[in-house]
K.L.:
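Submitted below is the structure of interest, expressed as C-alpha cells.
These numbers come from the heavy atoms of this one structure, side chains and all, not from hydrogens, waters or symmetry mates.
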Amino acid sequence: MNALMMMTSDIALKVDPEYRKVCEKFLGDFDAFTQAFSKAWYKLTHRDMGPRERYLGPEKVNENDLLWQDPIPLADYALVDAADITALKKSILASGISASDLVYTAFSAAVTHRSSDKRGGANGGRLALAPQKDWAVNRRTVPVIAALRTVMKEFNGQQKGDKKVSLADLIVLGGCAALEKAAADAGFTTAVPFTPGRRDTTQELTDIEMFRWLKPVADGFRNYLDQEFDAISQGVAPEEMFLDKAQLLSLTAPEWVALMGGLKAMNANHDGSAHGIFTDRVGVLTNDFFTVLTSMDFEWKKTDAQGMTFSLEDRATGEKRFTATRSDLIFGSNSQLRAVAEVYAGSDGQKRFVKAFVKAWDKVMMLDRYDVKVSF
C-alpha cells in the first residue's frame with residue numbers, strides 16, 4: 001500500500017464549497033458524471049477545430065447547441081445576387097459613411113480570426129455584439145454598424161420574397177465598396193471580390209467570457225495598444241506581437257506588407273490618429289505609405305524615451321512631416337519587409353500594389369468562410 005497523497009488541486013475539490021457540491025453530485029449520480037465527462041472530453045479534443053461547418057463524416061451535425069463552438073444559425077433565406085450587391089454598394093456609399101470608416105469596420109470584423117483554432121472573423125456579425133462592440137479598439141465601428149443596420153432594414157423591408165442580406169455581409173461589403181471607390185480615386189478601376197453568405201448570430205449564442213480572449217493586446221494594423229500593454233507584454237515589443245497577428249491571419253510577407261500599406265492609405269488607425277498616415281490623400285488607395293517609408297529624404301527620430309513613437313523629419317530642412325509607431329516603421333527597418341515595400345514604392349509600383357492589396361484583403365475577409373471552397 002502507498003501512503004495517501006493529494007495535491008493542492010485535489011484538496012480544493014474537497015474543501016472548496018462550490019467544487020464539493022459538484023463532487024457530491026457526481027458521487028451520487030454516476031450517469032450525470034458520465035455525461036459531464038463525455039462532454040468535457042469532446043470539448044477538449046475538438047476545441048481547436050473551429051465551427052462545426054469544418055467537421056467531416058456522418059456524425060457531423062450543423063445544429064447550434066454547443067456555445068464553445070461559436071455557433072451561427074443556418075440561413076433560412078435566399079442570398080443576394082449580383083444586381084442586389086451593386087444596389088447595396090450604392091446604398092452604403094450614399095449613407096454618408098466615409099470610405100475610411102467602412103474599411104476600418106470591415107477589417108475590424110475580420111481581423112479577429114485566428115488560424116490556430118479557427119475562431120473569430122467576420123462571419124456571425126459578432127462585431128456588433130458584446131464583448132467586441134465594447135472594446136476600445138472597436139469604438140470607431142459603432143456608428144458605422146448603426147448606419148449599416150439602417151441599410152439592411154431598408155433593403156430587407158423592400159424584398160417581397162425570402163431574400164435577405166445579413167449585417168455580417170453588409171459589414172464586409174461596405175469595406176469592398178469603399179476600396180473600389182478609393183482605387184478609382186487613385187486612377188485604377190478594380191473589382192474587389194465579395195462572396196455573400198455570412199450569417200448573423202445572436203448575443204445568446206456568443207460566449208462573452210471566451211470571446212474576451214480574442215481581444216487584442218496590440219494590433220499594428222490599427223495602431224492599437226492596450227492600456228495595460230506594458231504589464232501584459234512582459235517586454236515583448238509591439239512589432240513582435242504584430243508579426244504574431246500576421247501569422248494568425250496566415251499572411252505571407254508580401255501580403256502583410258500590401259495589406260498594411262492599403263490600410264494606412266485608408267487611415268485605419270483605431271483612434272483616427274496620423275501615425276503612419278504618410279499621405280495627403282487620405283481615403284485614396286495610393287502607394288504613398290511606401291514611397292515615404294523608403295525615401296532617404298526623411299530621418300526617423302524618437303519622440304519618447306521608450307522609442308514607441310517617431311517623427312519623420314525632412315533631412316534638408318528639419319521640418320517634421322509625419323509621425324509613426326514602431327509597427328509602422330518595421331516595414332522600413334526589417335530587411336525582408338523593406339525589400340517588398342520598395343517594390344510597391346517603385347515608379348511602376350502603384351498598379352502592382354493595388355492588385356496585391358485587393359488580393360490580400362479578400363483573403364482576410366474569407367478566412368472564416370468554411371461554408372465555401374476558398375483557395376489562396
K.L.:
Below 4.5 Å, heavy atoms only, C-beta onward: do Ser250 and Leu367 meet side chain to side chain?
P.N.:
yes

K.L.:
Do Phe322 and Phe310 make a side-chain contact, defined as non-hydrogen atoms from C-beta onward lying under 4.5 Å apart?
P.N.:
no

K.L.:
Give the table of side-chain donor-acceptor pairs shorter than 3.5 Å for residues 289-299, with sequence neighbours excluded, one pair per line with atom names and distance.
P.N.:
| from | atom 1 | to | atom 2 | distance (Å) |
| --- | --- | --- | --- | --- |
| Thr291 | OG1 | Asp288 | O | 2.9 |
| Thr294 | OG1 | Phe290 | O | 2.7 |
| Ser295 | OG | Asp297 | N | 3.0 |
| Ser295 | OG | Asp297 | OD2 | 3.4 |

K.L.:
Donor-acceptor pair, distance only, cut-off 3.5 Å: does the side chain of Ser95 make one with the backbone of Ala147?
P.N.:
no

K.L.:
Tell me whether Asp169 contacts the main-chain N or O of Pro196 through its side chain, where contact means a donor paired with an acceptor under 3.5 Å.
P.N.:
no

K.L.:
Check the pair Tyr104 / Ser100 against side-chain contact (heavy atoms from CB on, under 4.5 Å), numbers first and verdict last.
P.N.:
CA-CA 6 Å; Tyr104 183 85; Ser100 294; over 6 Å; no

K.L.:
Kindly indicate whether the side chain of Tyr224, heavy atoms from C-beta on, has any atom under 4.5 Å from the side chain of Asp271.
P.N.:
no

K.L.:
At what distance, to the nearest 0.5 angstrom, does CG of Leu127 lie from CZ of Phe107?
P.N.:
12.5 Å

K.L.:
Quick one: side chains of residues 39-46, donor-acceptor pairs under 3.5 Å with protein atoms, not counting sequence neighbours, listed by atom name and distance.
P.N.:
| from | atom 1 | to | atom 2 | distance (Å) |
| --- | --- | --- | --- | --- |
| Thr45 | OG1 | Trp41 | O | 2.9 |
| Thr45 | OG1 | Tyr42 | O | 3.3 |
| His46 | ND1 | Tyr42 | O | 2.8 |

K.L.:
Enter the distance from Leu27:CG to Cys23:SG here, rounded to the nearest 0.5 Å.
P.N.:
8.5 Å

K.L.:
Return yes when atom NZ of Lys181 has more than 12 non-hydrogen atoms of other residues, nucleotides or ligands closer than 6.0 Å, and no otherwise.
P.N.:
no

K.L.:
Examine distances only and state if a side-chain atom of Arg47 and a backbone atom of Trp68 form a donor-acceptor pair shorter than 3.5 Å.
P.N.:
yes

K.L.:
Please check if the side chain of Asp200 supplies one atom and the backbone of Ala168 the other of a donor-acceptor pair under 3.5 Å.
P.N.:
yes

K.L.:
Taking His275 as the fixed residue, which of Thr325, Asn223, Asp328, Thr323 is the one that meets the side-chain hydrogen bond (donor to acceptor under 3.5 Å, both in side chains) rule?
P.N.:
Thr323

K.L.:
Is there a donor-acceptor pair closer than 3.5 Å between any side-chain N or O of Arg199 and the backbone N or O of Pro73?
P.N.:
yes

K.L.:
Same cluster or not: are Ile277 and Phe242 linked, directly or through other Ile, Leu, Val, Met, Phe, Trp or Tyr residues, by side-chain heavy atoms under 4.5 angstrom apart?
P.N.:
no

K.L.:
Where is the tightest heavy-atom contact between Asp70 and Phe211, given as atom of each residue plus distance?
P.N.:
OD1-CE1, 3.3 Å

K.L.:
Restricting to pairs with a member in residues 138-148, which pass salt bridge (charged side-chain N to carboxylate O under 4.0 Å, His left out), not counting sequence neighbours?
P.N.:
Asp101-Arg140

K.L.:
My understanding is that only residues two or more places apart in sequence, or in another chain, count here; which of them pass side chain to side chain contact (heavy atoms under 4.5 Å, CB included) with Thr190?
P.N.:
Ala183, Val354, Val358

K.L.:
Among residues at least two apart in sequence or on other chains, which ones pass side chain to side chain donor-acceptor pair (under 3.5 Å) with Ser91?
P.N.:
none

K.L.:
Please find the pair of heavy atoms, one from Asp81 and one from Lys163, that lie closest to each other, and give the distance.
P.N.:
OD2-NZ, 3.3 Å

K.L.:
Could you go through Arg114 and Asp117, starting from their C-alpha distance and side-chain angles, then the distance that decides it, and tell me whether this counts as salt bridge (charged side-chain N to carboxylate O under 4.0 Å, His left out)?
P.N.:
CA-CA 6 Å; Arg114 302 192 306 198; Asp117 58 3; 2.6 Å; yes

K.L.:
Would you confirm whether Ser311, through its side chain, and Glu313, through its main-chain N or O, come within 3.5 Å as a donor-acceptor pair?
P.N.:
no

K.L.:
For Glu24, does the CD atom sit with more than 12 other heavy atoms under 6.0 Å from it, leaving out its own atoms?
P.N.:
yes

K.L.:
Taking the side chain as everything from C-beta on, heavy atoms only, tell me whether Leu251 gets closer than 4.5 Å to Lys245.
P.N.:
no

K.L.:
Holding to side chain to side chain donor-acceptor pair (under 3.5 Å), I want the full list of residues that pass it with His270, two or more places apart in sequence or in another chain.
P.N.:
none

K.L.:
So, using side chain to side chain donor-acceptor pair (under 3.5 Å) as the criterion, who are the partners of Thr141 when residues are at least two apart?
P.N.:
none

K.L.:
May I ask you to decide if Leu129's main-chain N or O and Thr206's side chain share a donor-acceptor pair within less than 3.5 Å?
P.N.:
no

K.L.:
Please name all residues satisfying side chain to side chain contact (heavy atoms under 4.5 Å, CB included) with Val372, sequence neighbours left out, ordered by chain then number.
P.N.:
Met366, Arg369, Val374

K.L.:
Looking at residues at least two apart in the chain, or sitting in another chain, which of them share a side chain to side chain contact (heavy atoms under 4.5 Å, CB included) with Arg352?
P.N.:
Val343, Tyr344, Asp348

K.L.:
Considering only distance and modelled atom types, tabulate donor-acceptor pairs under 3.5 Å from the side chains of residues 10-19, sequence neighbours left out.
P.N.:
| from | atom 1 | to | atom 2 | distance (Å) |
| --- | --- | --- | --- | --- |
| Asp10 | OD2 | Met7 | N | 3.0 |
| Asp16 | OD1 | Glu18 | N | 3.0 |
| Asp16 | OD1 | Tyr19 | N | 3.1 |

K.L.:
Quick one: do Ser333 and Ile330 satisfy side-chain contact (heavy atoms from CB on, under 4.5 Å)? Show the steps, please.
P.N.:
CA-CA 5 Å; Ser333 61; Ile330 189 65; 3.7 Å; yes

K.L.:
Lys164 versus Gln159: any side-chain heavy-atom pair under 4.5 Å?
P.N.:
no

K.L.:
With a 4.5 Å cut-off on side-chain heavy atoms, are Phe194 and Lys89 touching?
P.N.:
no

K.L.:
Just checking, is any N or O donor in the side chain of Glu255 or Thr252 under 3.5 Å from an acceptor N or O on the other one?
P.N.:
yes

K.L.:
As a quick check of understanding, evaluate side-chain contact (heavy atoms from CB on, under 4.5 Å) for Val172 and Arg198, giving each step before the final call.
P.N.:
CA-CA 9 Å; Val172 174; Arg198 296 169 186 83; 3.6 Å; yes

K.L.:
Is there side-chain contact between Ile92 and Leu170, with at least one heavy-atom pair below 4.5 Å?
P.N.:
yes

K.L.:
Is it true that a side-chain atom of Gln350 and a backbone atom of Leu285 form a donor plus acceptor pair closer than 3.5 Å?
P.N.:
yes

K.L.:
Looking only at atom types and distance, does a side-chain atom of Gln69 sit under 3.5 Å from a main-chain N or O of Pro51, one as donor and one as acceptor?
P.N.:
no

K.L.:
Just to verify, what does Glu154 make a side chain to side chain donor-acceptor pair (under 3.5 Å) with, not counting sequence neighbours?
P.N.:
none

K.L.:
Give a yes or no on whether the backbone of Asn123 and the side-chain of Asp368 come within a donor-acceptor separation of less than 3.5 Å.
P.N.:
yes

K.L.:
Over all heavy atoms of both residues, which pair between Phe221 and Leu259 is shortest? Give the atoms and the distance, please.
P.N.:
CE2-CD2, 3.8 Å

K.L.:
What is the minimum heavy-atom distance between Val236 and Phe229, and which atoms define it?
P.N.:
O-CZ, 3.5 Å

K.L.:
Return yes if a side-chain donor-acceptor contact under 3.5 Å exists between Asn269 and Lys264, otherwise no.
P.N.:
yes

K.L.:
Consider only side-chain N and O atoms of Thr309 and Thr303, and report whether a donor and an acceptor are under 3.5 Å apart.
P.N.:
yes

K.L.:
Side chains of Arg126 and Gln132: is there a donor and an acceptor less than 3.5 Å apart?
P.N.:
no

K.L.:
Would you check, one step at a time, whether the test salt bridge (charged side-chain N to carboxylate O under 4.0 Å, His left out) holds for Lys118 with Asp48?
P.N.:
CA-CA 7 Å; Lys118 310 299 185 285; Asp48 62 346; over 6 Å; no

K.L.:
Please, which pairs that meet salt bridge (charged side-chain N to carboxylate O under 4.0 Å, His left out) have at least one residue in residues 202-225, sequence neighbours excluded?
P.N.:
Lys215-Asp226, Asp219-Arg222

K.L.:
Decide yes or no on side-chain contact (heavy atoms from CB on, under 4.5 Å) for Val137 and Ser108, but give the supporting numbers first.
P.N.:
CA-CA 8 Å; Val137 70; Ser108 295; over 6 Å; no

